[in-house]
Amino acid sequence: MHAPRFRVLAALAVLLVMVMRVEAQATYDVLLRGGHVIDPRNGIDAVMDVAVAGGKIAAVRAGIDPGTAKQVVDVGGLYVTPGLIDLHVHVFATTGVRGAWAGDSSVLPDGFSFRTGVTTMVDAGSSGWRNFEDFRRTVIDRASTRVLAMLNIAGFGMLTDVPEQNIHDMDAKATADMAGRHRDVVVGIKSAHYQGPEWVSVDRAVEAGRTAGVPVMVDFGYFREERPYYKLVGEHLRPGDISTHMFRGPVPYVDADGKVLDYLTQARARGVLFDVGHGGGSFVFRTMVPATRAGFYPDTISTDLHTGSMNAGMTDMLMTMSKFLVVGMPLQKVVQASTDTPARVIKRLELGHLSVGAEADIAVLRVLDGRFGYADGARGTLAGDRRLACEMTLRAGRVVWDWNARSGTDYRELPPTYGVRDVDRIIVPPRP
Ligand SMILES: [Zn+2]
């Protein structure tokens, strides 16, 4: 009479044993143990373990058996987030042109990415359709950092300041065609630094973006009476397009009562995105602080990394994120604006999260408590009580930055001749 029920129970027991065996046999390459995981895409904000195998995220949950991993790294007291995505950098450093954004003012990606938790960088229009393939060959395809790009609407990109003023070389079709040929890395179109009174740089970029099916990012250049900023975000940009340098000096933010101006909330409501793009001089606390306190957070936090900004107030991605943290943006939202949201903005849904099966791009961050000073891009300073620091970075499962040597082995536990290759001999000089 009880036989069928018994059989079901027996089958369940067998199944349970099989599941447990699979667990015991699974070998993870790396287990990050006991960190506070912030993974906005999956709604995770809790202490959990993260296991990596074969370069992918293999498990995210509490209590993963450390015996199942080749390497166990204690990250207790630290935050574990998806690898950061910096939506606005300049890394076309290989042109040899002095003083150009696409030249000596750019940096090579790997020297600046992993040490700040960044695993993906988006070059914001340093190249245009005429020189993008050089950029790809000499930088993108050689970097360990995942480098994506927005094509400048100007054919020669930022090779000097001149091409971006040449409206005769803003070819929407050629730009869209080039984007189409390199869909694996081109994620947007850029208009930047335009000085003239016309909308042509913006509008051609939007035209190219529409044809190529990618978003447009606009650095508004000179703020002129003929083309006011409110019309950029209110009329010219499409939903999904990005206004970068959102806290540049001339952008108006709040009224006398500290209320965010209607044109901004209306632009956001219709889907226009606001990106930080801190840069050397494109960020002032004068507007950033009241806007952030009023809850008008950036959609995406980015650096506008170049040799000028990295040695100034901007410094790096974590310094830029820290500014929002100390002004009152919650850490979970700061992380979201640096991982999940930028991935969505560039339509790369496979990036910016720690879902099982995703490429294991991971940042392990520390929130330092203390007294810190912050500088904007125009001599303004601000005191803060916290600062983010990067303890570890993994790119596709490989440890690429390890500030406190968590992933190694105590040297006393290594074999007596570690560090000597097969081809080398230790030769002690004879006594005299
Ligand atoms: Zn820029």
Side-chain angles (χ1 to χ4, degrees), residues 84-95 97 99-109 112-113 116 118 120-128 131-132 135 139-140 145 147-154 156-165 186-195 201-202 205 209 215-223 229 232 237 241-251 273-284 288 298-317 319-320 338 342 345-346 376-378:
L84 306 180
I85 300 173
D86 189 345
L87 195 64
H88 187 156
V89 303
H90 295 283
V91 292
F92 193 3
T94 50
T95 64
V97 178
W101 304 116
D104 292 358
S105 294
S106 273
V107 297
L108 284 172
F112 299 86
S113 53
T116 64
V118 172
T120 299
M121 286 176 158
V122 181
D123 181 275
S126 305
S127 72
N131 55 359
F132 169 76
F135 177 40
V139 176
I140 294 176
T145 311
V147 180
L148 305 171
M150 297 187 186
L151 288 183
N152 202 310
I153 190 59
F156 284 106
M158 301 183 181
L159 204 52
T160 67
D161 244 5
V162 178
E164 292 186 295
Q165 312 310 325
V186 173
V187 295
I189 311 294
K190 179 88 185 285
S191 155
H193 305 151
Y194 191 60
Q195 299 170 12
S201 175
V202 169
V216 167
M217 177 186 273
V218 173
D219 161 338
F220 203 37
Y222 286 20
F223 284 63
Y229 180 75
L232 173 74
L237 293 185
D241 287 341
I242 308 143
S243 170
T244 191
H245 305 310
M246 65 185 286
F247 295 117
R248 186 174 275 174
V251 179
L273 302 160
F274 292 86
D275 172 60
V276 174
H278 189 305
S282 300
F283 182 94
V284 288
M288 176 274 199
D299 291 292
T300 51
I301 296 176
S302 70
T303 61
D304 189 13
L305 173 72
H306 51 73
T307 57
S309 62
M310 57 166 278
N311 290 316
M314 189 286 287
T315 310
D316 61 29
M317 186 68 177
M319 185 77 87
T320 306
S338 314
V345 168
I346 56 173
D376 65 16

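One-based numbering along the sequence shown. If you're wondering where the values come from, they're calculated on a predicted model, not measured in any experiment. Note that ligands are numbered from 1 as they come in the structure, with each ligand's atoms numbered from 1 the same way. As a basis for the values below, the full set of heavy atoms in this structure was taken, side chains included, without hydrogen atoms, waters or symmetry mates.
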J.: Holding to ring-ring contact (aromatic ring centres under 6.0 Å, His included), I want the full list of residues that pass it with Tyr194, two or more places apart in sequence or in another chain.
T.: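 For Tyr194 there are no ring-ring contact (aromatic ring centres under 6.0 Å, His included) partners, ignoring immediate neighbours.
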J.: Listed by chain and number, what are the salt bridge (Lys or Arg N to Asp or Glu O under 4.0 Å) partners of Asp275, not counting sequence neighbours?
T.: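 In terms of salt bridge (Lys or Arg N to Asp or Glu O under 4.0 Å), with neighbours along the sequence ignored, Asp275 is linked to no residue.
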J.: Would you call Asp219 and Arg248 a salt bridge, using N to O less than 4.0 angstrom?
T.: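 So Asp219 pairs with Arg248 through a salt bridge.
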J.: Could you pull out all residues at least two apart from Asp241 that satisfy side chain to side chain donor-acceptor pair (under 3.5 Å)?
T.: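 Listed in chain order: Arg238.
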J.: Assert yes or no for the condition that the ring centre distance of His245 to His278 is strictly below 6.0 Å.
T.: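 Here the rings of His278 and His245 have centres that are no less than 6.0 Å from each other.
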J.: May I ask you to list the protein N, O or S atoms found at less than 2.8 Å from the Zn ion (ligand 1)?
T.: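 Correct list: His88 NE2, His90 NE2, Asp304 OD1.
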J.: Does atom CZ (Phe223) have a neighbourhood of more than 12 heavy atoms from anything else shown, all under 6.0 Å?
T.: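 More than 12 within 6.0 Å, yes.
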